[in-house]
Every structure is written in C-alpha cells, then in structure tokens.
Protein chains: 2
Amino acid sequence: MLKNILDNRDEYQPGLSIDCVIFGFHENQLKVLLVKTKHPDKWALPGGFVPINEDIDQAAVSVLHARTGLKGIFLRQFYTFGAVKRNENHFSNRVLNFGGILSEEGKWYFSRFVTVGYYALVDLMQTIPQPEGKNEIVEWIDHNVVPDLILDHKEILDKALETLRMELNLMPVGYNLLPEKFTIPELQKLYETILGRKLDRRNFLRKITAIGILTKLDEKKSNVAHKAPNLYSFDRDKYNEVVRNGLHQGW
Amino acid sequence: MLKNILDNRDEYQPGLSIDCVIFGFHENQLKVLLVKTKHPDKWALPGGFVPINEDIDQAAVSVLHARTGLKGIFLRQFYTFGAVKRNENHFSNRVLNFGGILSEEGKWYFSRFVTVGYYALVDLMQTIPQPEGKNEIVEWIDHNVVPDLILDHKEILDKALETLRMELNLMPVGYNLLPEKFTIPELQKLYETILGRKLDRRNFLRKITAIGILTKLDEKKSNVAHKAPNLYSFDRDKYNEVVRNGLHQGW
DNA sequence: ACAAAAGTGTTTGGCGTACACCCATGA
DNA sequence: TCATGGGTGTACGCCAAACACTTTTGT
C-alpha cells in the first residue's frame, strides 16, 4: 500500500486522507473494525487516500467496500481533522527505509495529512474483514476495550461515537446494524450500548413502536431461555422516510 | 491574492481551502458576510488557504480575523465539501491570463479543492469588513436575499444554517451575535430568524430564563415606542458553562 | 384615549418516567 | 415450581403549547 501510493501519488489528492469508523453490533456489544499493520505495530482505523477524480464521499465508500465487502450501507461524514502535528510521527525512519523510500519522496509523507472522518453502521455478520496483504490484521473490537491507536485515531473514534449518540435523537438506528429479523430486546440492547446506559423496557417499546418503522412478525425467537420474544423487522420504506424527514425526540 | 498564493504555493496545504459562513444579526435580520471579486464577477463566501504549518482550525480563525478584525469569537467546523466537480469551472482562462499564470502552474488551480466549512457568530456592529485590495467588496447581506454564489457556496451556506438550527437545541446562542445589553424581544427575534418561524413571547421568556444564563439589568431600553422593554446581559460564566455541558431541549 | 408592545399568570394535553402485574419457557 | 426475562397496562408529574389579562409608553 505504501509503495503503491508513492508510485502513483499524482493520482491522489495530496495531503488528504479518509478514515472510517465502522460500527457493528454482535452479542450485545458495539464493535469497531480496526486494522493492525506490522509497521508500526499498532492498531488503526481503516482508511485510505482520495483519488484525484473521485468525490471524497465516494472514496469513503471505497474504503468501506474494500474492508467489509459491503455496499450501499449507512455512511456519514462527521468531522475533519487537520491539526499540524496530527501525523508528524506517523512514518518512522524505520518504516521509510523498509519501504525503500527516498528521502526526497519521503517529504510527501512527513507532511501533514488532513483526514476526513466518516462513520458507518454495518451488519457485522455480513462482513468479511479483508486485510490488504499479509502484513495486516483486520478485526472487530469491542468499543469499550479498544487498544492504543496510532496518531489521533482514538480522538476520531470518540468523536464518531459522540456524533452517533447525537444522531440517535434525529434518526432511527438499527437497519444496518441488525440482521433481517430481530427482537425488541435486541434492538434495545443496541440503543443501550450506543448510549452507554440502561433504558426502561416498557418505555422503550412504546417509543420505538410509536415511530412506526417496525413490523411485528408472526413469529417468535426459538431456542431461547425463558419466554420467547417476538420477532420484528424494519419497514424499509417507512424507515427511510423517517431517516429523510428526521426524528424529533430524545433518549 | 491569486498571484500571492501561486508564488508561495509550497507554503500552503495543497488542494485544501477554508470557507467561512460568518453570521451577524442587525435590525432583526440574520446576515451573512459575503465577498465580491471582480474576476469572476460573483459573490462568494470569505475563504482562504491553509498554511502548511497551521492547524485548519487556526486557518479558519485567520480568515475570520482578516475579514472582520475580530478574535476569540464563536467558530465551529460543520462540514467538508469534496466533490470532484465542485470547483472545476472556478478559474476561467480569462482569469488565469489576467493573473499572468502559466498553463503549467495553472494545473494547480484547475485541480479539485476540498474545502472545510466553518461558521461563525459575530456582533455585526463590532466588525469592520475588510476587502483585500481594490478589486473586492465585502458586505453583510440578509440571508434571505443572498445572490448567486460561486461554485457550491450556496450549498455550503445552506448547510451552515441547517447546522446552526440543529445546534440551537444543544447550546444557547446570542452571546456573540448581540451587543452587551439587549432585550428579550430582541433575543427572541434572533431565535425566530435563525429558525425561520414565530415563537410565543411568553413561552420563550420562560424557557430562555430557565436556562439561567441571563442577568436582568436594572435598566430599560429608552426612546422606544410603546412599553420600554427590560435590558438583559449574558452571565458569561454560566453561558460558557452551558455551552460546554450542552443543553437538552428543543425549539 | 388609544394602539402597540412588554410583563405576568393560568389552563391543558401529551409525553416521559416509574412501577405493578401477568405470561411463557427452561432448568 | 421457580427463576428469568418478555409483554401489557397504568398512574404521576413535568413541560410545552395555547391563551387572557394587566402594565407601560408614544402619539
């Protein structure tokens, strides 16, 4: 990837990158897709550069697709990070030597990169995390136990979560994070996990159904302890309509 | 400015710019500071480029200071615009010839610029709009009657206003937009203008005072028709505290 | 005296919070 | 049969929307 970018740097928007905070939900945990490269030996958000002839939104879609194999999912720009020092120690000399990079060209790398942050909501079970080459590991990690990240990626992650929490008051969430069929308690767990606090079962049911985006299925979850919860699905049309028109409430 | 940037382009972050939507309030009108250059003969948002060794936030502060003479005022990043075609027709050949720019160097200009949008709230009466050179006009224009703007600046302006409306539910507004002393009806007009709809006098008073950021002065506005309204000022400490901790309500 | 705008108080309905009870299932 | 979690209904309180009346000032 490093070498690739260097060889073709005229094809990329200079000094600009994209970083994606990809959220998934599994076993009542809100997870984030992280990438670990050997050089440096740290975790990072999946990111990429912006081709000269591509919208930055499209570049974000590309990053997402490259890492998850998914298309057409929820993706939203939330902030742009452009502090001078944000990536000053990113590429150590060791790395540059490793890549066989001349000091002249290295200048391109040492310069400040402004990065545009996007966050995505995906169905974790439908994704196939895709490493680029053998030096990479891609993993879903619980957002509560994220390790040290490179540069300001922790800050980016935090801002993404903060934005998601805000937007929870403006739109419904779950369509992209949950499987086709799900139960109300599962959806509630998702909300609780994002918000970081408990909600009342019964009030949650009333509020979430009042939005009018859920279809109660004539089916119950099987093989579960205790009373079998009802299965629901999203009414896609109404869901999208509400996402467009916005929601006016709070959690 | 054009020539200046070209001569020193190694000192600026390539392909990146800052655009500021500067809001002011005067005579019950929400106004925006716009710049008109002769080439092309159109209005634009005040903007600038980002020095290599300056945070993008700092660059936005610089633009604001350069145009209004103000420092330390409310300024917030709201979105980044990076469509490929957003500035493809910005600099016509006429302009490039006018500036004596070689086609080789012109390439720098024809390339896509990603721009980071900031919006600011300022006290219009304290500003001294400052044109750069004799080819520029800088003016406060009512946000309801903005003329055609260059490129996607109308889109940027709209997004700024949309963001401001959203943030009105999360924080109080007025400290930077109004003079030291003001009346409740004036503050209400400000809110109504931003939101684009009427509010109830009495409910507004109750809600705005309940926040606890206003100090009722022992003074009334003089020389006004009808009953003299009371003057208020903001309690700066409490105001800032609320801005930090956030507000949870709606208008 | 009258018009117009500011200041004060009251009623009402809806929504959010809290809680009690019943139902279904696996161990 | 008991523990656990899901499903349904209700009571309370607060806040926001709607509205009536009084007060003050300029003409």
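The shortest side-chain heavy-atom distance between A:I56 and A:I18 falls under the 4.5 Å cut-off. Proximity of B:D19 to B:V116: side-chain heavy atoms (C-beta onward) are nowhere separated by under 4.5 Å. Proximity of A:L177 to A:F74: side-chain heavy atoms (C-beta onward) are nowhere separated by under 4.5 Å. In this structure, the side chains of A:F78 and A:K159 come closer than 4.5 Å at one or more pairs of heavy atoms.
B:I211 places its CD1 atom 14 Å from the C1' atom of D:dA16, with the value rounded to the nearest Å. At whole-Å resolution of the value, CG in A:D218 and P in D:dG7 are 14 Å apart. Following rounding to the nearest Å, A:N230 (CG) and D:dG6 (P) show an atom-to-atom distance of 12 Å. Between the P atom of D:dG6 and the CD1 atom of A:I208 lies a distance of 16 Å, rounded to the nearest Å. For the pair A:K207 NZ and D:dT8 P, the interatomic distance rounds to 19 Å; values are reported in whole Å. As a whole-Å value, the separation of B:E186 CD from C:dA5 P is 14 Å. Distance B:I184 CD1 to D:dT24 P: 18 Å, rounded to the nearest Å.
Here the two rings, on A:F204 and A:Y191, have centers that are under 6.0 Å apart.
By the 30° and 60° cut-offs, the orientation of the rings of B:Y175 relative to B:F234 is tilted.
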Is there a side chain to side chain donor-acceptor pair (under 3.5 Å) between A:E167 and A:Y119 once you walk through the steps?
CA-CA 12 Å; A:E167 307 219 333; A:Y119 78 91; 2.9 Å; yes

Using side-chain contact (heavy atoms from CB on, under 4.5 Å), reason through B:L64 and B:V61 one step at a time and then give a plain yes or no.
CA-CA 5 Å; B:L64 198 50; B:V61 171; 5.6 Å; no

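If you check every strand for non-hydrogen atoms under 4.0 Å, B:K221 touches nothing.
A salt bridge links B:E186 with B:K221: at least one charged nitrogen is closer than 4.0 Å to a carboxylate oxygen. A salt bridge links A:D152 with A:R86: the closest approach of a Lys/Arg side-chain nitrogen to an acidic carboxylate oxygen falls below 4.0 angstrom.
For residues 241-251 of chain B, proximity to DNA chain C is found at no residue, defined as any non-hydrogen atom under 4.0 angstrom from a strand atom. Near DNA chain C, meaning a heavy atom under 4.0 Å from it, residues 194-206 of chain B has B:R201, B:R202, B:R206 in order of number.
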Might you list the N or O atoms of the protein lying below 3.5 Å from N or O atoms in nucleotides 25-27 of chain D, with each pair's distance?
residue, atom, partner, partner atom, Å
D:dT25, O4', B:H226, O, 3.4

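For A:V146 against A:K154, the heavy-atom pair with the smallest separation is CG2-CE, 3.8 Å.
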